[in-house]
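Below is one structure, written out as structure tokens; comments come after it.
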Amino acid sequence: MAFKKIVRDKAFWKSVVVLGLAFALIYQFISMLFDYGGLDFSAFYEDKIAGTRWIRFVIGTLLAAFLYGFIISYGQFRSKIKKQERE
């Protein structure tokens, strides 16, 4: 029943959002560095956001960010609960 306890906690969802957005920003930044050989915002824009491709880009990024934030936050909150149960 730890899952229900964790998912009902508002702090958990705040953590999911913060970690997810941080992941998305860092991932896209690193992706730009590797794909374009530096900070080439115009090429990044043309490749990822121009035209109708931005919808797919945004949905994919937000989905990946949510999954990452959820998994990491759940692990953190679960370990915190286990630590409290041991004490």
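Just so you know, these numbers use all the heavy atoms, side chains as well, and skip hydrogens, waters and symmetry mates.
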- Task: Report whether F57 and L62 are members of the same hydrophobic cluster (ILVMFWY, side-chain heavy atoms less than 4.5 Å apart, transitive linking).
- Result: yes
- When rounded to the nearest 0.5 angstrom, what distance separates CH2 in W54 from OG1 in T52? 10.0 Å
- Item | Interatomic spacing from CZ in R8 to CZ in F3 - rounded to 0.5 Å | 10.5 Å
- Could you tell me which non-hydrogen atom of E46 sits nearest to which non-hydrogen atom of R53, and how far apart they are? O-NH2, 2.9 Å
- Item | Residues forming a side-chain hydrogen bond (donor to acceptor under 3.5 Å, both in side chains) with D40, sequence neighbours excluded | S42
Distance-only donor-acceptor hits, side chain of residues 12-33, under 3.5 Å, sequence neighbours excluded:
from	atom 1	to	atom 2	distance (Å)
W13	NE1	V7	O	2.6
S15	OG	S73	OG	2.8
Q28	NE2	T61	OG1	3.4
S31	OG	D35	OD2	3.2

- What residues form a ring pair (Phe, Tyr, Trp, His ring centres under 6.0 Å) with Y45, not counting sequence neighbours? none
Show me the side-chain donor-acceptor pairs of residues 74-84 shorter than 3.5 Å, one per line, residues at least two apart or across chains.
from	atom 1	to	atom 2	distance (Å)
S79	OG	G75	O	3.3
S79	OG	Q76	O	2.9

